[in-house]
Amino acid sequence: MSEPSAPISELAWRELLFQHTEGLPAAFAAGPVTGYCGFDPTASSLHVGNLVPVMGLVHLQRAGHRPIALVGGGTGMIGDPSGRSSERTLQTLETIAENAAAIRAQLAKFLDFNGPHGAKLLNNADWLAPLSLLEFLRDTGKHFSINYMLAKDSVKSRLETGLSFTEFSYMLLQAHDFLELHRREGVSLQIGGSDQWGNITAGLELIRKTTGGEAHALTFPLITNADGSKFGKSTGGGSVWLDPARTSPYKFYQFWIGADDRDVSRYLRFFTLLARAEIEALDEAVRTAPGQRAAQRALAADVTTRVHGTDAARVAQEVSALLFEKADPQGLSDAALAALREEIPFAVYAAPADGPALSEGIDVYECLTTLGIAASRGVAKRLLEQGGVSINGTKLTAADRVVGAERLLRGRHLLVKKGAREFGLVHVPA
RNA sequence: GGUGAGGUACUCAAGUGGCCAACGAGAACAGACUGUAAAUCUGUCGGCGCAAGCCUUCGAAGGUUCGAAUCCUUCCCUCACCA
């Protein structure tokens with residue numbers, strides 16, 4: 001690796017810099033800096049909204065510094081009031097431990113754990129759990145005035161609606177973490193979302209008071225969507241998770257493909273490691289040929305590959321090409337066919353009692369109704385008459401009510417399509 | 001509790017004895033166009049049926065009639081005004 005360089009300029013052009021302490025550029029210039037970022041184990045998976053701080057750590061490492069990801073197994077038991085309008089529900093110890101383990105595994109995909117500035121994953125439960133209350137009050141609490149704590153935005157905004165002593169104490173725990181990491185690992189930088197500024201600076205304060213050492217803070221901007229919706233929600237409204245069991249790689253890929261033209265340039269900067277020249281070329285492509293959506297494709301391919309791996313990303317692309325770009329279903333890979341079954345309605349065909357026997361062919365009405373694509377046979381019929389149905393990529397007419405078995409795809413499958421984007425997959429037993 | 005108005009298909013809303021599966025608008029769906037965008041234009045829009053046609057619907061249940069969403073009875077519900 002090259003000499004540690006300041007990631008400041010890199011973060012700046014990527015528009016990832018919200019604010020940082022004054023001495024940070026000098027600290028970066030002086031040599032490798034160890035920086036950390038905390039992740040709440042409130043769920044068993046990270047979601048795309050967590051990706052900004054994750055990428056922050058990645059940039060730190062790429063610039064020759066040493067990143068530490070801290071899973072909040074201890075603080076997760078308390079709950080950060082920052083950016084929250086109401087008290088958090090506490091979670092059980094077991095849930096938090098499980099979540100922490102799952103998040104660790106996801107973070108491992110982004111960071112390099114080998115080499116002189118290899119990343120490290122820590123859990124603050126390791127030192128917070130054994131910490132005694134008296135010890136905490138003497139060593140940490142003593143350094144903070146209530147006035148100081150009340151002045152923090154995270155607290156101030158909650159004075160009206162109410163805030164428990166537990167959540168009020170949160171910033172001290174986070175400060176304690178920072179100090180602990182400063183001592184154990186030589187950490188001198190904490191990064192996080194812009195809402196973390198208050199908590200981070202509490203840590204700087206504690207480090208300065210107890211050790212006289214200098215430490216720094218760096219925060220990222222809040223991600224916004226151009227249309228005013230909340231970033232990280234799928235069209236259905238649910239969060240987009242990194243866990244493939246929660247959000248399939250195909251849906252994950254589609255989330256990025258669907259990025260608004262007005263957002264895609266920023267997202268490329270935030271979430272990919274593409275070089276500046278490449279991203280600027282894609283910006284240009286959005287301006288000159290928005291219909292190509294080259295930027296969205298690049299974004300989706302890059303992020304999906306990093307999170308789910310090359311194979312899963314390829315399958316997601318293949319399925320997307322089939323469903324949205326009229327790719328030939330005959331060329332579908334087995335993996336894509338298997339993925340498809342999970343994404344679109346799937347049914348096993350049974351010849352209807354009053355319809356054509358299986359030997360005569362496959363009844364299209366039956367396929368449409370059992371898949372739930374058409375509410376009734378009458379609707380199915382009208383669809384066919386209007387040219388709204390195609391099978392394996394070929395448009396059917398009113399005369400094609402029964403299709404021959406020779407049209408089945410590998411594994412005796414039939415890809416049924418209604419209109420532009422509603423699909424179903426039928427398996428026809430031999 | 002009293003008086004008045006009303007309950008029609010996904011929504012709004014016509015229809016007051018046969019021409020009503022029920023005007024019209026919106027939504028939705030399909031086709032053309034398109035960028036997995038938006039707009040626009042065309043078509044469809046209770047079920048079964050290739051069709052002729054049949055079946056089930058107009059708050060619910062009964063009744064009158066050759067025939068009812070439309071008339072009568074009872075019941076249920078909503079809204080408005082008065083107390």
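In what follows, chains carry the letters A, B, and so on, assigned in the order in which the sequence lines appear, proteins first and then strands, with residues in each chain numbered from 1. What you see is a predicted model; the values in this text were computed from it and never measured. Values below: all heavy atoms of this structure, side chains included; hydrogens, waters and symmetry mates excluded.
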Tell me whether the centres of the aromatic rings in [X] and [Y] are closer together than 6.0 Å.
X: A:Phe220; Y: A:Phe270; answer: no
X: A:His427; Y: A:Tyr349; answer: no
X: A:Phe110; Y: A:Phe39; answer: no

Quiz prompt | C1' atoms of B:rC45 and B:rG26, separation to the nearest Å | solution = 13 Å
Could you list all N or O pairs between the protein and nucleotides 56-58 of chain B that sit under 3.5 Å apart?
none

Self-check item: Pair A:Asp283 + A:Arg287: basic N to acidic O under 4.0 Å
Solution: no
Quiz item: Is the shortest side-chain N to carboxylate O distance from A:Arg62 to A:Asp112 below 4.0 Å?
Solution: no
Quiz item: Should the pair A:Phe252 and A:Trp256 be assigned to parallel (<30°), tilted (30 to 60°) or perpendicular (>60°) ring geometry?
Solution: perpendicular
Quiz item: To the side chain of A:Pro290, which of B:rG35, B:rA32, B:rU36 is closest?
Solution: B:rG35
Practice problem: Send over the distance from A:Leu368 CG to B:rC29 C1', rounded to a whole Å. | Solution: 13 Å
Exercise. Send over the distance from A:Arg421 CZ to B:rU34 C1', rounded to a whole Å.
Key: 11 Å
Exercise. Would you indicate what A:Gln254 reaches in the nucleic acid, counting non-hydrogen atoms under 4.0 angstrom: base, sugar-phosphate, or nothing?
Key: base
Self-check item: Expected output: side-chain A:His182 to main-chain A:Val187 donor-acceptor under 3.5 Å
Solution: yes
Quiz prompt | Sequence-aligned protein contact record of nucleotides 40-45 of chain B, with B where the base is within under 4.0 Å of a protein heavy atom and S where only the sugar-phosphate is | solution = ---BSS
Quiz prompt | Short side-chain N/O contact from A:Lys381 to OP1 or OP2 of B:rA51, under 4.0 Å | solution = yes
